[in-house]
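Here the structure comes first, spelled out in structure tokens, and everything after it is commentary.
Both backbone and side-chain heavy atoms feed into the values below; hydrogens, waters and symmetry mates do not.
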Amino acid sequence: MLLTLQGVLARRRSWWVGLLAAGAAALLTPGLALVETIHEGTRRSLIESGAGHLQVYHSGSPQTPVLLTGPAGPPELVPFEDFPATEALLRSVEGVQDVVPMEAGSASVFRGNYLDEKLAVVRAVTREPASEARDARLGRLAEDLRRTLERVARDERQREEAFAGEEGLLEDRRTLEEVSSDAFWERFRAQPEQGLEFLEERVAKLAGEGESLPLDYLGTDPVQFARAFPRFELLSGSMPPPGSRGILLGHAAYEQSFKLPIALRLDALRRERERGGSFEDERLRTEVERSLAELPDLLSRLDVERASSLQAALTRVLGHAGELEALLREFLSVDDSNFDTRYRLFYDELAPHLPLYRIRPGDTLTLRNRQLTAASVPVRVWGTFRFRGLGGDTSQVNTTCLVDLISARLLAGRQTQAQEDEARTLVAAFGMKDSSLSMGPLGRPAIIDAEPQVPGAETPVLDKHAPADTFTDEELRAGSVLQAALVLRPGASPEDVTGRIQRLADERKLPLGVVGWQDVGGAFSGMVGMSQLVLAVFAGLLAFFVLLVATGTLLLLAKERVGEVGTLRAMGMQRREVFSSLLLEGLALGALGGLLGAGLGAALLVGFVGQGLEVSNDFLQFFLGGAVLNPRLEGVQLLSVVAGVVAVVAVASLVPAWRGSAVSPVVAMRRGED
């Protein structure tokens, strides 16, 4: 050992091997800490935002559960035949704290045009108790509505000139001529409900078809979901009462799909400014120009009352009067000097007079299944929520909405228990067998190959009304469930719990499949695996570089020590002792360099990150498990880096040590004399 130490100290050129080892360790230490931080952060994000520690599903399903559905849509899963019994069994497993039933789905929401919105305002006023104030307000709104319809008529005439041969234009023209007449508006003032019905059915479509918006959802019990997953945070509205159908909109979906586009663009500009962006950048200037170009669309959505109050607010803010469009154009022409002030004034002074959101808590949305066009389910919007610390307006995880399980089943086209009973009654009344019954798109019974009705039997009438707004606990539990998230007790091992569940399933011959958060995470888990792969490839390339350079350096040093080796061999040192001595020199250089490099890498990481580095990017917040990057270095990580570096240097020392000890004493001494 003393000879090895003397050899290392006497040959400074060998220190390059130690420096190489130190450099590799200094790079790998923070890299490993960062990858482990991403792995742990994504794991916590998924577990605490709906995936749970484990997901249980029917093992006969063609696919496995996925929490965040992508363009391909939700996975195809087979429902549990008896979920209450399955739930009771799962709750009995040691380590399981909660079982949350759920299913991932994808729906669409139709968002009407500006005329639909104005008609909705007028209809709300018509439903108010009769009074002079109500009649006066209705008169003002009706006059504004008439001016809007005149603009629609002008646009329609232009379209008729461009598409003279298009079918249906003549009927549209007659309809617009009717609503432009004084006689129509006299009838409207006398009977506003009938006039509104005519406008909604015959005229609103002429202002444009609106648009269909995609909406990803989780069917679950929202109250149980909020209790089971600590990241859940209600932002507006209230939680659905037990036994009530409805939806909680994800905060990002609410902002991106239902917020006024100009306001949404101002929010995006603020985020860019916080990242150091400037309006000297053409991209930011383009966003401002887009907002100005959308002013006509915004003005078309304002009724006369909103327009008057908004004009007064702009006059007060800008300090001078003017036309509404000119005032808005001046206000929205922002730059670096006035953006912060204008942004604050927009929400403090202007937003109360604008239709900031197209839908609010208490309103009703109609969800449509993208695959089953006939599946259309109205749900009440109870409020909005987000997952705390996992991004804001643009975070994908916050675009997911929560829908009650009854509505989710209707959207998926699966029958409820009541519908099954109705179907059996129908089968019995017609004297048919169960095999002659199939289910329609919403789970409604449909007859195929029906036999003649039993003479004298009363013909049953199918229930055609919309689904009830409430449901019983029996209806909830008796229906089908596709998957369930398992939340484990603190300290419970997912691997151990998975083993217990699989043993129970095998013993009772139950079709239970269990997957972890990595499988449920889909693309997000894949990106975590990609980061680990990138680190592994980088470590491999770095190890190969260290191996080549260290081997070359040590071979050169072994040549220079031929004479010394010959003397040692002549003095009686065995070949294996020379080999061990040379190998120990490489190990000493690797160990010393690895320790110094790991310490340097840890110091750089702590110095750069400190108590935590704030992360503003919504996408990164999900992978890091929150808004603060705080990589943790553990002893196991440091030891693995040092051990890996020492192992590479040891491999690099094998060939030089072998060749250096293989020289015979006579040859070695002769070369040393030369």
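The CZ atom of Phe229 sits 11.0 Å away from atom CZ of Arg227, with the distance rounded to the nearest 0.5 Å. Residue Leu324 holds its CG atom at 13.0 Å from CZ of Arg306, rounded to the nearest 0.5 Å. For the atom pair CG (Leu345) and CG (Leu318), the distance works out to 9.0 Å, reported to the nearest 0.5 Å. With values rounded to the nearest 0.5 angstrom, Leu249 atom CG is found 9.0 Å from Ser257 atom OG. Atoms CZ and CD, on Arg231 and Glu233 in that order, are 11.0 Å from each other to the nearest 0.5 Å. Taking OG of Ser106 as the reference point, atom CZ of Arg368 lies at 14.0 Å (rounded to 0.5 Å).
Under 3.5 Å, the side chains of Ser236 and Thr384 contain a donor-acceptor pair of N or O atoms. For the 3.5 Å distance criterion, the side chains of Asn338 and Tyr343 fail to qualify, holding no donor opposite an acceptor. Side-chain contact, Asp404 with Ser407: a donor N or O sits under 3.5 Å from an acceptor N or O. Side-chain polar atoms of Asp216 and Thr400 form no donor-acceptor pair below 3.5 angstrom.
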Could you walk me through whether Arg134 and Thr126 satisfy the side-chain contact (heavy atoms from CB on, under 4.5 Å) test, starting with their C-alpha distance in whole Å, then the side-chain angles of each, then the deciding distance to 0.1 Å, before giving a yes or no? CA-CA 8 Å; Arg134 175 256 195 187; Thr126 62; 4.1 Å; yes

Between Asp221 and Val100, is a side-chain contact (heavy atoms from CB on, under 4.5 Å) present by the stated rule, with each step listed? CA-CA 8 Å; Asp221 179 351; Val100 185; over 6 Å; no

In sequence, state the C-alpha distance, the side-chain angles, and the governing distance for Asp363 and Tyr357, and then conclude on side-chain hydrogen bond (donor to acceptor under 3.5 Å, both in side chains). CA-CA 11 Å; Asp363 295 342; Tyr357 293 95; over 6 Å; no

Residue pair His320, Glu330: steps toward the side-chain hydrogen bond (donor to acceptor under 3.5 Å, both in side chains) verdict: CA-CA 11 Å; His320 62 84; Glu330 179 183 349; 2.9 Å; yes

Asp335 and Arg285: salt bridge (Lys or Arg N to Asp or Glu O under 4.0 Å), yes or no, with the steps? CA-CA 8 Å; Asp335 54 31; Arg285 293 199 305 271; over 6 Å; no

Stepwise, does the salt bridge (Lys or Arg N to Asp or Glu O under 4.0 Å) test hold for Glu287 with Arg290? CA-CA 5 Å; Glu287 292 300 307; Arg290 289 181 61 189; 3.4 Å; yes

For the pair Met102 and Phe225, evaluate side-chain contact (heavy atoms from CB on, under 4.5 Å) and give the outcome as yes or no after the intermediate values. CA-CA 9 Å; Met102 61 176 59; Phe225 186 94; 4.0 Å; yes

Should Val317 and Arg342 be marked as a side-chain contact (heavy atoms from CB on, under 4.5 Å) after you check the CA-CA gap, both sets of side-chain angles, and the distance that decides it? CA-CA 9 Å; Val317 167; Arg342 295 278 174 89; 5.7 Å; no

Steps toward salt bridge (Lys or Arg N to Asp or Glu O under 4.0 Å) verdict (Asp182, Arg187): CA-CA 9 Å; Asp182 294 335; Arg187 293 195 304 271; over 6 Å; no

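Annotation: cation-pi pair Arg189/Trp185 absent, no NZ/CZ under 6.0 Å from the ring centroid and within 45° of its normal. Taking the centre and axis of the six-membered ring of Phe471, the NZ or CZ atom of Arg245 falls outside the cone set by 45° and 6.0 Å.
Remark: Arg137 engages Glu128 in a salt bridge, criterion side-chain N to carboxylate O under 4.0 Å. Between Glu272 and Arg283 there is a salt bridge, since at least one side-chain N of the basic residue sits less than 4.0 Å from a carboxylate O of the acidic one. Ion pairing of Arg265 with Glu294 is present here, as a side-chain N (NZ or NE/NH1/NH2) and a carboxylate O approach within less than 4.0 Å. The existence of a salt bridge linking Arg270 and Glu274 is confirmed by a sub-4.0 Å separation between a basic side-chain nitrogen and an acidic carboxylate oxygen.
In this pair, Phe232 and Phe385 present their aromatic rings parallel. The plane angle is below 30°, not in the 30 to 60° band.
Under a 3.5 Å cut-off, the side chain of Ser244 and the backbone N or O of Pro240 do not form any donor-acceptor pair. Distance alone, capped at 3.5 Å, places no donor-acceptor pair between the Glu349 side chain and the Arg316 backbone. Side-chain atoms of Ser278 do not come within 3.5 Å of backbone N or O of Asp281 as any donor-acceptor pair. Side-chain atoms of Asn398 never come within 3.5 Å of backbone atoms of Gly250 as a donor-acceptor pair (strictly under, hydrogens ignored).
Side chains of Cys401 and Leu215 form a contact here, defined as non-hydrogen atoms less than 4.5 Å apart. Within the 4.5 Å cutoff, the side chain of Asp469 has no heavy atoms near those of the Arg380 side chain. At a threshold of 4.5 Å between non-hydrogen side-chain atoms, the residues Leu269 and Phe339 count as touching. With contacts defined as side-chain heavy-atom distances shorter than 4.5 Å, the pair Leu410/Asn369 does not qualify. Side-chain contact between Phe188 and Phe198 is absent, with no heavy atoms from C-beta onward closer than 4.5 Å. Using a 4.5 Å heavy-atom threshold, the side chains of Leu299 and Glu325 count as touching. Using a 4.5 Å heavy-atom cutoff, the side chains of Ile262 and Leu332 are in contact. In this structure, the side chains of Thr341 and Arg344 come closer than 4.5 Å at one or more pairs of heavy atoms.
Considering every non-hydrogen atom in both Leu298 and Leu354, the closest pair reads CD1-CD2, 4.1 Å. Heavy-atom minimum distance, Ala351 versus Leu356: CB-CD2, 4.1 Å. Closest heavy-atom contact between Ala252 and Thr399: CB-CG2, 3.6 Å. Annotation for Ala263 and Tyr347: closest pair O-OH, 3.7 Å, computed over non-hydrogen atoms. Among all heavy-atom pairs drawn from Pro378 and Ser376, the shortest one is CD-O, 4.0 Å. For the pair Tyr254 and Arg360, the tightest heavy-atom approach, listed with the atom from each and the gap, is OH-CA, 3.8 Å.
Ile247 pairs in a side-chain contact (heavy atoms from CB on, under 4.5 Å) with only one of the listed residues (Val109, Leu367, Thr364), which is Leu367.
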